[in-house]
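Notes to accompany the following structure.
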Amino acid sequence: QVQLVESGGGLVQPGGSLRLSCAASGSIISMNAMNWYRQGPGKQRELVATITSGGSTNYADSVKGRFTISRDNAKRAVYLQMTSLKPEDTAVYYCNAKILEFSRRYRGEEDYWGQGTQVTVSS
């Protein structure tokens, strides 16, 4: 069974940095696009950053220039380096990936989500 597990969240002061990690496990044939979403208090979930299997990246305007998404295919991991954090970055951050799992190889890719990790930016 495929699982995504996030880590690295916590409490940080404005202007600080955090590095989020997401590791995938299971009988994985391939991992295509990987994404980071977030959902802040009273807000809907939004796409923060995405990275393709080839390394092409895209970012939400609100985080462009401050956040960097990367991946390590050997480790089956995706990362989100967050710098110059602002209070409005406070949210639960979710890892998301489209994965082809062995048992579903004839059915196609499935969208997987992690449980989320809390990021709180406050002084």
Side-chain angles (χ1 to χ4, degrees):
Q1 182 66 45
V2 171
Q3 288 187 307
L4 299 178
V5 180
E6 302 100 333
S7 63
L11 176 64
V12 65
Q13 295 183 358
S17 300
L18 280 176
R19 180 178 173 87
L20 305 183
S21 299
C22 173
S25 62
S27 300
I28 298 171
I29 295 176
S30 63
M31 298 176 62
N32 294 305
M34 302 190 76
N35 313 286
W36 285 99
Y37 286 78
R38 69 183 181 186
Q39 186 166 17
K43 300 179 180 179
Q44 293 193 22
R45 188 172 298 185
E46 64 174 342
L47 178 63
V48 175
T50 184
I51 183 167
T52 68
S53 60
S56 179
T57 61
N58 282 288
Y59 300 91
D61 289 340
S62 59
V63 307
K64 195 170 298 182
R66 299 188 297 120
F67 291 10
T68 302
I69 187 172
S70 61
R71 64 190 291 163
D72 186 332
N73 291 329
K75 296 182 178 180
R76 295 178 174 178
V78 62
Y79 309 96
L80 186 68
Q81 178 66 240
M82 305 183 294
T83 62
S84 301
L85 284 162
K86 306 174 181 179
E88 50 263 45
D89 294 318
T90 295
V92 178
Y93 284 71
Y94 298 91
C95 176
N96 164 261
K98 297 186 184 301
I99 295 173
L100 180 61
E101 191 236 336
F102 181 77
S103 66
R104 296 179 58 89
R105 62 193 181 279
Y106 302 121
R107 299 161 66 186
E109 298 174 343
E110 186 173 347
D111 205 39
Y112 290 90
W113 293 85
Q115 294 297 310
T117 184
Q118 177 70 49
V119 172
T120 302
V121 184
S122 177
S123 59

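For clarity, every value in this text was computed on a predicted model and none was experimentally measured.
- Considering only heavy atoms from C-beta on, Leu20 comes within 4.5 Å of Trp36 through its side chain.
- Atom CD of Glu88 has more than 12 heavy atoms from other residues, nucleotides or ligands within 6.0 Å.
- Proximity of a side-chain donor or acceptor of Tyr112 to a complementary backbone N or O of Ala24 within less than 3.5 Å is not detected.
- Residues Ile69 and Val78 form a side-chain contact, since some pair of their non-hydrogen atoms from C-beta on lies under 4.5 Å apart.
- For Arg76 (side chain) and Asn73 (main-chain N/O), no donor-acceptor pair under 3.5 Å exists by modelled atom type.
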Requested in this report: Evaluate side chain to side chain contact (heavy atoms under 4.5 Å, CB included) for Thr90 paired with Gln118, printing each intermediate quantity in order.
Outcome: CA-CA 8 Å; Thr90 295; Gln118 177 70 49; 4.0 Å; yes

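- In this structure the side chain of Glu6 never reaches within 4.5 angstrom of the side chain of Leu4, judged on heavy atoms.
- The distance from the OH atom of Tyr59 to the CZ atom of Arg66 is 12.0 Å, given to the nearest 0.5 Å.
- Remark: side-chain polar atoms of Thr117 are paired, donor with acceptor, to backbone N or O of Gly9 under 3.5 angstrom.
- The side chain to side chain contact (heavy atoms under 4.5 Å, CB included) test with Val2 is passed by exactly one of Glu110, Arg104, Glu101: Glu101.
- In this structure, Met31 and Lys98 have side chains that are not in contact, with every pair of non-hydrogen atoms separated by 4.5 Å or more.
- Ring pair Phe67/Tyr93 is tilted by interplanar angle, where 30° to 60° counts as tilted.
- Scored by the side-chain contact (heavy atoms from CB on, under 4.5 Å) test, Ser17 finds Gln81, Thr83 as partners (sequence neighbours excluded).
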Expected list for residues 43-55: side-chain donor-acceptor pairs under 3.5 angstrom, two or more places apart:
| from | atom 1 | to | atom 2 | distance (Å) |
| --- | --- | --- | --- | --- |
| Glu46 | OE2 | Arg38 | NE | 2.7 |
| Glu46 | OE2 | Arg38 | NH2 | 3.3 |
| Thr50 | OG1 | Asn35 | OD1 | 2.3 |
| Thr52 | OG1 | Gly54 | N | 3.3 |
| Thr52 | OG1 | Gly55 | N | 3.4 |
| Thr52 | OG1 | Ser56 | N | 3.1 |

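- Note on Lys86 versus Asp89: no salt bridge recorded, every NZ/NE/NH1/NH2 to OD/OE distance being 4.0 Å or above.
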Report task. Step by step, work out the side chain to side chain contact (heavy atoms under 4.5 Å, CB included) result for Thr120 and Val12. Result -> CA-CA 6 Å; Thr120 302; Val12 65; over 6 Å; no

